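What you see is a predicted model; the values in this text were computed from it and never measured. Sequence lines set the chain letters: A, B, ... in the order given, protein chains first and strands last, and positions in each chain run from 1.
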Amino acid sequence: MTKDMKDIVALCKRRGFIFQASEIYGGINGFWDYGPLGTELKNNLRDAWWRDMVITPPIGPDGTPLEIVGLDSAIIQNPNVWVSSGHVGGFTDPMVDCQETKKRYREDHLHVIKASDDEWVAVHEEAEDSEIEKRFKKLNIKHAEDLERTPLTDIALSDYSKIYAPDAKEKGTLLEPKAFNLMFETYIGATQSDDNKAYLRGETAQGIFINYKNVLDSTRVRVPFGIAQIGKAFRNEVNPRNFIFRSREFEQMEMEWFCDPEDAPQWFEFWKEERQRWWKSVGLKDKDMIFREHGQDELVFYSQGTFDIEYQFPFTAPGYGELEGVAYRTNYDLTQHQEGSKTKMEYIDPMDPKNRYIPHVIEPAAGLTRGVLALLCDAYTVDENRPSGVFLDFTPAMAPKKAAILPLTAKGEHPEIATKLYLELRKHYAIDLDIKQNIGKRYARQDEIGTPYCFTIDDDTVANGTVTVRERNTMAQERIHIDKVLDYLREKIDG
RNA sequence: GCGGGUGUAGCUUAAUGGUAAAGCCCCUGCCUUCCAAGCAGGUUACGAGGGUUCGAUUCCCUUCACCCGCUCCA
């Protein structure tokens with residue numbers, strides 16, 4: 001039985017994990033709201049990351065604990081931050097559309113071969129000569145001897161009328177290149193003009209880089225150290241798709257690890273390992289993940305290595321979708337901000353003041369909301385042998401509700417004892433108390449929201465103080481004393 | 001952004017140019033000593049806007065959202 005995205009989305013809505021944003025107004029493309037359980041789940045994943053990064057960072061290769069501090073920067077920064085980072089202008093890839101075939105190409109991916117003065121043929125940059133010859137034959141154009149290629153970026157717009165687009169029959173069907181900028185624009189103050197234009201952050205990372213000096217000067221951290229931040233980021237995606245996987249407003253968990261350039265390659269290896277381990281620790285199954293080093297051709301120009309942690313989502317299968325990228329960004333960002341802000345970003349080694357350098361950065365950048373989606377997809381388990389037909393196999397630590405307290409009947413002393421137990425347990429964990437309806441329905445409901453344990457109060461509880469524990473995945477039951485319930489939960493959740 | 005598809009209750013599905021039906025879920029009560037049981041009752045829907053029409057959920061137009069493919073994802 002395969003997991004169907006439709007069913008997962010339906011369950012998310014039915015049980016209050018994730019809703020279409022602005023649903024009662026007809027929705028809004030690329031935005032999602034988190035319901036009561038989705039919020040709990042997201043917070044659990046977020047808190048686990050914060051705990052494992054900032055509160056209790058990993059032990060380093062030399063046996064000493066790493067030093068990582070937290071940050072919460074503004075979503076809107078001085079717009080020059082995004083000019084220096086390259087998000088405004090530099091990184092946008094102009095696209096050209098073909099009027100005839102409705103296809104769209106990256107301008108810098110197309111090459112043009114000039115067969116004659118007015119018959120030019122556009123081809124993909126990776127097209128081989130043999131393919132190109134076929135293309136010429138099809139167009140019935142005698143091809144030039146040398147097949148010399150000119151990048152489309154070097155061709156004047158006025159010459160577009162001579163070009164046959166890669167998949168077109170007619171020439172002159174390519175339209176003017178359009179720049180796509182994914183930054184969300186806004187205006188500061190009540191009037192709108194270019195003077196007060198600003199951007200919603202496209203990533204949380206830049207907030208870290210621009211506070212690097214502040215953190216150094218205020219916290220006594222020394223290289224190597226990290227600054228971690230969790231928060232919303234915004235990208236005006238051309239085409240949001242696949243539930244919450246690519247949305248225009250999303251949440252990131254990013255850490256910038258500042259280190260000596262000489263040590264950077266070792267730290268890169270360290271964080272690759274560490275981040276793989278972490279995703280497994282929150283419950284993702286090894287068999288559904290892939291760990292992938294980017295090839296040279298995939299790397300952005302300033303990166304000396306990028307490592308993807310990807311998950312096999314139902315909508316990407318048999319392929320994978322990115323959960324986290326661990327990138328060796330060199331000192332690119334700090335250097336950019338040093339130039340852009342005229343603020344020195346040099347680090348002076350306190351043990352050796354002659355040793356000055358701009359730290360290199362290893363960046364483990366994870367998608368929190370993508371992580372939530374992976375947890376949901378991973379947990380979704382079809383089981384036709386149980387009333388609900390499905391259950392969510394969250395780890396106890398990630399489950400939105402840790403346990404449900406269920407009086408077997410709504411009569412006698414059952415509800416009273418159940419309520420007392422509930423009042424005790426809820427001081428420690430997110431607990432459900434559910435009294436109404438028959439017990440089977442209540443178990444089924446808890447299965448659907450992934451509650452790992454149900455404690456049921458029956459006549460034996462009244463007689464001898466024991467309750468049944470019903471385990472979600474196996475539906476097996478055992479009896480334990482009511483006084484041991486909290487210890488039992490502690491052991492399962494934190495132990 | 002392009003092409004195709006789909007929008008009726010929380011879900012699954014009906015019917016209809018003239019008061020929109022059912023099953024499941026949900027809620028209330030009864031009953032129930034362990035997995036959506038039974039009985040009685042109850043809430044909830046034509047994605048939005050416009051047009052045609054005496055009257056539109058139904059026909060037409062526009063729009064929005066979702067799904068699939070293409071494109072894209074610094």
Taking donor-acceptor contacts at under 3.5 Å, does the side chain of [X] reach the base of [N]?
X: A:Asn239; N: B:rC72; answer: no
X: A:Arg241; N: B:rC73; answer: no
X: A:Tyr443; N: B:rC34; answer: yes
X: A:Glu237; N: B:rC73; answer: no

[atom1] gap between [N] and [M], integer Å:
N: B:rC39; M: B:rA48; atom1: P; answer: 36 Å
N: B:rG7; M: B:rU13; atom1: P; answer: 10 Å
N: B:rU6; M: B:rA14; atom1: P; answer: 13 Å
N: B:rU58; M: B:rG47; atom1: C1'; answer: 16 Å
N: B:rC11; M: B:rA45; atom1: P; answer: 13 Å
N: B:rG38; M: B:rC54; atom1: C1'; answer: 50 Å
N: B:rC27; M: B:rA65; atom1: C1'; answer: 30 Å
N: B:rU53; M: B:rC59; atom1: C1'; answer: 10 Å

Whichever of A:Gly30 and A:Arg370 has its nearest RNA chain B nucleotide further upstream toward 5' =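 Its nearest nucleotide being more 5', the pick is A:Gly30.
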
Which nucleotide sits closest to the side chain of [X]: [options]?
X: A:Thr456; options: B:rA65, B:rC34, B:rC35; value: B:rC34
X: A:Gln437; options: B:rC34, B:rC35, B:rC27; value: B:rC27
X: A:Arg246; options: B:rC72, B:rU32, B:rC2; value: B:rC72
X: A:Lys13; options: B:rA74, B:rC70, B:rG10; value: B:rG10
X: A:Ala410; options: B:rC66, B:rG1, B:rU32; value: B:rU32

Just to be sure I understand the rule, does [X] reach a base, reach only the sugar-phosphate, or reach nothing, if contact means heavy atoms closer than 4.0 Å?
X: A:Glu23; result: nothing
X: A:Phe243; result: sugar-phosphate
X: A:Lys6; result: nothing

What residues form a side-chain contact (heavy atoms from CB on, under 4.5 Å) with [X], not counting sequence neighbours?
X: A:Val469; answer: A:Tyr453, A:Phe455, A:Glu478, A:Ile480, A:Tyr488
X: A:Ala233; answer: A:Phe250, A:Gln252
X: A:Ile210; answer: A:Gln77, A:Val81, A:His337
X: A:Tyr199; answer: A:Pro79, A:Trp82, A:Val88, A:Met183, A:Glu185, A:Lys197

Please determine, by modelled atom types, if A:Glu254 and A:Thr204 share a side-chain donor-acceptor pair under 3.5 angstrom.
->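 Their side chains do contain a donor-acceptor pair, which is all the 3.5 Å distance test asks for.
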
Encoded 5' to 3' (Watson-Crick or G-U under 3.5 Å; [ ] crossing; | other strand), RNA chain B becomes (((((((..((((....[..)))).(((((.......)))))....(((((..]....))))))))))))....

Salt bridge (charged side-chain N to carboxylate O under 4.0 Å, His left out) partners of A:Lys436, counting only residues at least two apart |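 Salt bridge (charged side-chain N to carboxylate O under 4.0 Å, His left out) list for A:Lys436, sorted by chain: empty.
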
Which residues share a salt bridge (charged side-chain N to carboxylate O under 4.0 Å, His left out) with A:Glu203, sequence neighbours left out =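 Testing A:Glu203 for salt bridge (charged side-chain N to carboxylate O under 4.0 Å, His left out), a comparison that skips the adjacent residues, returns none.
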
Which residue pairs satisfy the side-chain hydrogen bond (donor to acceptor under 3.5 Å, both in side chains) criterion with at least one member in residues 12-31 of chain A, sequence neighbours excluded?
->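 Applying side-chain hydrogen bond (donor to acceptor under 3.5 Å, both in side chains) to every pair that reaches into residues 12-31 of chain A, excluding sequence neighbours, yields A:Lys13-A:Glu23, A:Arg14-A:Glu448, A:Arg15-A:Glu448, A:Asn29-A:Arg248.
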
Angle between ring planes, [X] versus [Y], binned at 30° and 60°: parallel, tilted or perpendicular?
X: A:Phe313; Y: A:Phe315; value: parallel
X: A:Tyr328; Y: A:Phe268; value: tilted
X: A:Tyr212; Y: A:Phe258; value: tilted

Mind listing the residues from residues 228-236 of chain A sitting with a heavy atom below 4.0 Å of RNA chain B? Number order is fine.
->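 Of all residues in residues 228-236 of chain A, the ones placing a heavy atom under 4.0 Å from RNA chain B are A:Arg235.
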
Return a table of donor-acceptor pairs under 3.5 angstrom between the side chains of residues 403-414 of chain A and protein atoms on other chains or two or more places apart.
| from | atom 1 | to | atom 2 | distance (Å) |
| --- | --- | --- | --- | --- |
| A:Thr409 | OG1 | A:Lys411 | N | 3.3 |
| A:Thr409 | OG1 | A:His414 | ND1 | 3.0 |
| A:His414 | ND1 | A:Thr409 | N | 3.3 |
| A:His414 | NE2 | A:Asp459 | N | 3.4 |
| A:His414 | NE2 | A:Asp459 | OD1 | 2.9 |

Between the protein and nucleotides 36-38 of chain B, list the N/O to N/O atom pairs that are separated by less than 3.5 angstrom.
| from | atom 1 | to | atom 2 | distance (Å) |
| --- | --- | --- | --- | --- |
| B:rA36 | O4' | A:Lys441 | N | 3.4 |
| B:rA36 | N7 | A:Pro387 | O | 2.5 |
| B:rA36 | N7 | A:Ser388 | N | 3.1 |
| B:rA37 | OP2 | A:Asn438 | ND2 | 3.1 |
| B:rA37 | OP2 | A:Lys441 | NZ | 3.3 |
| B:rA37 | N7 | A:Asn438 | ND2 | 3.1 |

Validation: residues 418-425 of chain A side-chain donor-acceptor distances under 3.5 Å, sequence neighbours left out:
| from | atom 1 | to | atom 2 | distance (Å) |
| --- | --- | --- | --- | --- |
| A:Thr419 | OG1 | A:Pro415 | O | 2.7 |
| A:Glu424 | OE1 | A:Lys427 | NZ | 3.2 |

